[in-house]
Amino acid sequence: MTSTVPQALTLTSQYRSFGGWQQIYRHRSTVLDCEMNFGVYLPPQAESQQCPIIYWLSGLTCTEQNFITKAGSQAYAAQQGLIVVAPDTSPRHCNLPGEDDDWDLGTGAGFYLNATQAPWDRHYRMYDYVVDELPGAIAANFPIQPDRQGIMGHSMGGYGALMIALKHPGRFKSVSAFSPIVAPSQVPWGQKAFRHYLGEDANAWLSYDPTALVKTASERLPILIDQGEGDDFLQTQLQPERFAEACKAVNHPLTLRLQPGYDHSYYFIASFMGDHFAHHGAALT
């Protein structure tokens with residue numbers, strides 16, 4: 001892991017929210033070789049002390065805006081004194097062939113991995129960005145408690161949160177996900193992305209697959225997953241039972257809650273956001 005901290009962050013907007021500030025920053029990413037945006041919520045407590053931090057990873061087609069405008073997270077973050085960071089989901093405007101042809105590949109679909117295949121490998125290194133460069137920028141510019149970090153996300157971002165937590169034992173004290181793609185190497189969304197970004201060798205895909213990673217995880221970090229039973233993608237793309245079976249086989253603590261009637265949208269996410277902040281707050285504060 002390298003230490004790549006942007007030279008400067010530019011504050012592009014900020015809004016007072018529940019006594020704190022919801023801010024958007026822009027910076028030049030060395031890892032991605034493009035300009036990137038990310039959101040930071042600073043709770044009132046951050047004005048006088050260091051605070052624990054949660055990283056939120058969004059899903060396909062999203063930017064940093066979806067979560068901060070729709071999830072209702074600021075109220076919970078303010079109550080518990082948690083800084084919340086929400087990056088964009090991919091590089092943008094890189095002028096790569098095919099980057100805007102499909103909604104589930106390229107722009108808005110970085111899949112939180114390091115691409116090894118041309119033309120994606122120059123820019124599509126979201127794993128290094130989320131694991132290394134962005135946290136370096138946050139630590140250098142905001143009053144965080146570096147030993148108190150959590151990570152969560154939705155759909156593609158839920159997969160990213162699980163994958164990154166499993167690949168970095170000891171780094172996070174909490175992890176959760178909404179409607180995650182738990183077995184990307186076994187479902188169409190993941191297979192399409194992995195084939196383009198990583199190549200045809202399916203064995204190479206497993207290093208980014210939570211269901212494969214949990215089988216050899218050296219840490220038993222409790223995982224919370226909420227999944228809507230009315231989700232149109234439940235059977236074809238998400239298949240949480242695969243991850244549940246893998247966790248059960250190795251006795252990894254998992255709370256999988258199937259929520260009747262809820263779909264894949266932010267109406268679902270906002271409905272249970274308080275429960276997820278309680279899960280993280282219990283470990284972080």
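Residue indices begin at 1 and follow the sequence shown.
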TODO: Return yes if a side-chain donor-acceptor contact under 3.5 Å exists between Asn37 and Asp88, otherwise no.
DONE: no
Open item on the list: Whether the Thr107 and Asp100 side chains hold a donor-acceptor pair (N or O, under 3.5 Å, no angle test) is what I'd like checked.
Closed with: yes
Task: Donor-acceptor under 3.5 Å (Glu99 side chain, Asn95 main chain) - done: yes
TODO: State whether the side chain of Asn66 and the backbone N or O of Ser58 hold a donor-acceptor pair below 3.5 Å, judged by distance alone.
DONE: no
Task: Test item: Ser265 side-chain N/O and Tyr267 main-chain N/O as donor-acceptor pair under 3.5 Å - done: yes
Task: Non-hydrogen side-chain atoms of Tyr127 and Asp132 separated by less than 4.5 Å - done: no
Open item on the list: Is there a salt bridge (Lys or Arg N to Asp or Glu O under 4.0 Å) between Asp33 and Arg28? Walk through the geometry before answering.
Closed with: CA-CA 7 Å; Asp33 192 22; Arg28 178 75 186 181; 2.7 Å; yes
Open item on the list: Tell me if the CG atom of Asp232 is crowded by more than 12 foreign heavy atoms within 6.0 Å.
Closed with: no
Task: Phe194 CZ to Gln186 CD distance, which is reported to the nearest 0.5 Å - done: 10.5 Å
Open item on the list: In the structure I gave you, are the side-chain heavy atoms of Glu35 and His27 within less than 4.5 Å of one another anywhere?
Closed with: no
Open item on the list: Quick check on the 6.0 Å ring-centre criterion: do Tyr124 and Tyr197 meet it?
Closed with: yes
Open item on the list: Rounded at 0.5 Å granularity, tell me how far CG in Leu134 sits from CE in Met126.
Closed with: 8.5 Å
TODO: Measure the shortest side-chain to side-chain distance between Ile269 and Lys70 over non-hydrogen atoms and say whether it is less than 4.5 angstrom.
DONE: no
- [ ] Could you tell me whether the side chain of Leu162 reaches within less than 4.5 Å of the side chain of Val175, counting heavy atoms only?
- [x] yes
Task: Validation row: Leu82, Thr285 side chains within 4.5 angstrom (heavy atoms) - done: yes
TODO: Can you label the angle between the Phe142 ring and the Phe38 ring as parallel, tilted or perpendicular, going by 30° and 60°?
DONE: perpendicular
Open item on the list: Is it the case that the side chain of His252 and the backbone of Ile223 share a donor-acceptor pair, with hydrogens and angles ignored and the cut-off at 3.5 Å?
Closed with: no
Open item on the list: Keeping Asn141 on the side-chain end and Ala137 on the backbone end, is there a donor-acceptor pair under 3.5 Å?
Closed with: yes
- [ ] May I ask you to check whether Tyr76 and Gln74 show a side-chain donor-acceptor distance below 3.5 Å?
- [x] no
TODO: Would you check if Tyr55 and Pro135 make a side-chain contact, meaning some heavy-atom pair closer than 4.5 Å?
DONE: yes
Task: Check against salt bridge (Lys or Arg N to Asp or Glu O under 4.0 Å), Lys173 and Asp147 - done: CA-CA 8 Å; Lys173 294 189 177 298; Asp147 60 339; over 6 Å; no
TODO: Look at the side chain of Thr89 and the backbone N and O of Cys62, then say whether any donor-acceptor pair between them is shorter than 3.5 Å.
DONE: yes
Task: Stepwise side-chain contact (heavy atoms from CB on, under 4.5 Å) check, Leu42 with Gln23 - done: CA-CA 8 Å; Leu42 297 174; Gln23 301 176 330; 3.5 Å; yes
Task: Inter-residue atom distance Leu234.CG - Asp263.CG, 0.5 Å rounding - done: 11.5 Å
- [ ] Mark yes or no for whether Arg26, through its side chain, and Met36, through its backbone, hold a donor-acceptor pair below 3.5 Å.
- [x] no
TODO: Starting from the C-alpha separation in whole Å, work towards a yes-or-no answer on side-chain contact (heavy atoms from CB on, under 4.5 Å) for Phe277 and Met152.
DONE: CA-CA 10 Å; Phe277 267 84; Met152 61 177 169; 3.5 Å; yes
Open item on the list: Show every side-chain hydrogen bond (donor to acceptor under 3.5 Å, both in side chains) that has at least one partner inside residues 208-224, sequence neighbours left out.
Closed with: Ser185-Asp209
- [ ] Assess the side chains of Arg257 and Gln227: does a donor N or O sit below 3.5 Å from an acceptor N or O?
- [x] no
Task: For Asp104, salt bridge (charged side-chain N to carboxylate O under 4.0 Å, His left out) partners two or more places apart - done: Lys192
TODO: Answer whether the closest heavy-atom distance between the side chains of Lys248 and Asn251 falls below 4.5 Å.
DONE: no
- [ ] Establish, from distance only, whether the side-chain atoms of His279 and Ser174 form a donor-acceptor pair under 3.5 Å.
- [x] no
- [ ] Please tell me if the side chains of His154 and Trp56 come closer than 4.5 Å, counting only heavy atoms from C-beta onward.
- [x] yes
TODO: Assess the pair Trp189 and Phe233: is the distance between their ring centroids shorter than 6.0 Å?
DONE: yes
